[in-house]
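Some notes on the structure that comes next.
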There are 2 protein chains.
Amino acid sequence: MSKIKLATDAIVFGYQHSQLFVALVKRKYPPFKGQWALPGGFVLENENLETAVKRELREETGIHINYLEQLYTFGETGRDPRRRVVSVAYFGLVRPKDFKIKAATDAAEVAWFDVKKLPPLAFDHKKIMKTALGRLRAKLTYQPIGLNLLDKKFPFGDLERLYSTILDKKIDRRNFRKKFLKFGILDELDEYASAIDKGRPGKLFSFDKRKYNALRKEGILFEIR
Amino acid sequence: MSKIKLATDAIVFGYQHSQLFVALVKRKYPPFKGQWALPGGFVLENENLETAVKRELREETGIHINYLEQLYTFGETGRDPRRRVVSVAYFGLVRPKDFKIKAATDAAEVAWFDVKKLPPLAFDHKKIMKTALGRLRAKLTYQPIGLNLLDKKFPFGDLERLYSTILDKKIDRRNFRKKFLKFGILDELDEYASAIDKGRPGKLFSFDKRKYNALRKEGILFEIR
């Protein structure tokens with residue numbers, strides 16, 4: 001009989017107000033009791049991996065999420081002090097305000113943490129976080145994943161801030177705007193944002209998902225660097 | 001006790017003479033006895049995943065390989081008719097002539113197959129192959145992985161043929177050459193290939209790995225589309 005246990009962990013990123021968060025749970029049981037960790041747990045024998053990770057996430061945080069992407073499988077011997085555990089990690093990106101996260105059955109506490117101010121994490125979860133963050137940043141440059149996180153109609157600055165936050169770097173605004181608009185998946189609306197910030201009120205934009213899908217079908221690839 | 005078994009599979013691509021191959025083994029035991037499959041097998045309890053996949057590859061094919069990259073974990077219930085088996089797949093790219101592949105302990109036969117003329121494969125290995133091929137093609141556009149497969153000094157046409165073969169499409173030769181040379185990781189030598197083909201003998205090139213690594217450190221990304 002196999003002595004390797006199969007687990008799954010979820011890295012759920014949340015973007016809001018120019019901050020990038022990740023959902024963590026405080027462990028109720030040893031090992032690492034009382035420490036923060038990624039939500040996750042063991043895969044049941046008759047359960048697909050994606051079903052397992054969604055279930056664990058729901059049970060531990062109350063977050064229901066439709067789409068998680070497989071990140072990587074972490075399997076170093078010794079990563080769990082109890083026994084051999086191999087974990088298939090999945091990640092996703094959501095709007096924190098869409099979820100009232102709450103500690104559910106298995107975890108003592110759950111919270112959103114700014115990825116720049118993480119507490120010490122249980123197991124090899126720091127390494128998993130780093131891998132996930134790298135993948136999220138790479139993905140942002142070749143898929144317009146961030147657009148789902150903005151309001152339906154948004155000033156261009158919101159998109160800039162999203163990229164700047166997730167990529168954690170300054171963005172050449174003019175160049176970014178030119179590149180993004182050239183790609184043709186944003187509709188420039190005839191509406192203006194109310195001038196809350198200083199300066200002229202900016203035009204509002206919306207993401208044209210249909211156009212994006214049509215371009216993809218033609219093999220035209222999105223890319224922002 | 002966990003009833004999920006953990007396995008690993010290897011997709012070893014081989015490039016030679018404008019053909020892309022993959023190493024397959026003929027199964028000696030049921031299920032799928034007598035059918036072709038990717039080399040692979042179960043992970044031992046005290047063994048890292050990468051150690052396991054290299055061991056299985058060695059045992060089944062005689063191929064020793066230093067670097068394999070994790071591709072994806074395939075874990076659908078029912079993918080193995082015997083019981084629940086989750087497989088972590090790894091892939092790599094080699095020169096077939098570097099290995100005299102031979103059936104070793106666990107497999108009845110081993111051979112290189114042209115990826116365009118694959119036999120029916122056991123388990124979900126067709127799906128795994130498709131995923132691997134997609135990843136290999138994507139990778140070729142953002143890492144100069146193919147260069148390791150050419151002779152130390154090569155005519156530019158060899159590089160073109162490699163890209164054209166792996167990407168399975170015609171390449172705009174002038175554009176490809178311009179882009180590749182502009183990136184500055186090839187040294188144009190003062191030597192010429194002997195004119196075996198019709199036409200003028202072409203200059204020879206070599207891959208400047210040091211320059212490539214220096215560019216990477218500066219954050220300059222390789223890209224060929």
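Proteins get letters first, then strands, A, B, ... in listed order; numbering begins at 1 in each.
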From B:T73 atom OG1 to A:Y90 atom OH, the distance as rounded to the nearest 0.5 Å
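Answer for the OG1-OH pair, B:T73 versus A:Y90, is 7.5 Å.
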What's the spacing between A:Y72 OH and B:Y72 OH if we round to 0.5 Å?
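A:Y72 OH to B:Y72 OH: 14.5 Å, rounded to 0.5 Å.
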May I ask you to check whether over 12 heavy atoms, not counting those of [X], lie within 6.0 Å of atom [atom1]?
{"X": "B:R82", "atom1": "CZ", "value": "yes"}
{"X": "A:R173", "atom1": "CZ", "value": "no"}
{"X": "A:D172", "atom1": "CG", "value": "yes"}
{"X": "A:K209", "atom1": "NZ", "value": "no"}
{"X": "A:K211", "atom1": "NZ", "value": "yes"}

Residues in residues 37-47 of chain B near chain A [non-hydrogen atoms, under 4.5 Å]
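Within residues 37-47 of chain B, near chain A: B:V43, B:L44, B:E45, B:N46, B:E47.
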Listed by residue number, which members of residues 126-138 of chain B have a heavy atom under 4.5 Å from any heavy atom of chain A?
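Interface residues of residues 126-138 of chain B: none, nothing closer than 4.5 Å to chain A.
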Top contributor to chain B contacts, counting heavy-atom pairs under 4.5 Å, from A:V86, A:V88, A:L49:
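Winner by heavy-atom pair count: A:L49.
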Exercise: identify the closest heavy-atom pair between B:N48 and A:E76:
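So the minimum-distance heavy-atom pair works out to OD1-CA, 3.2 Å.
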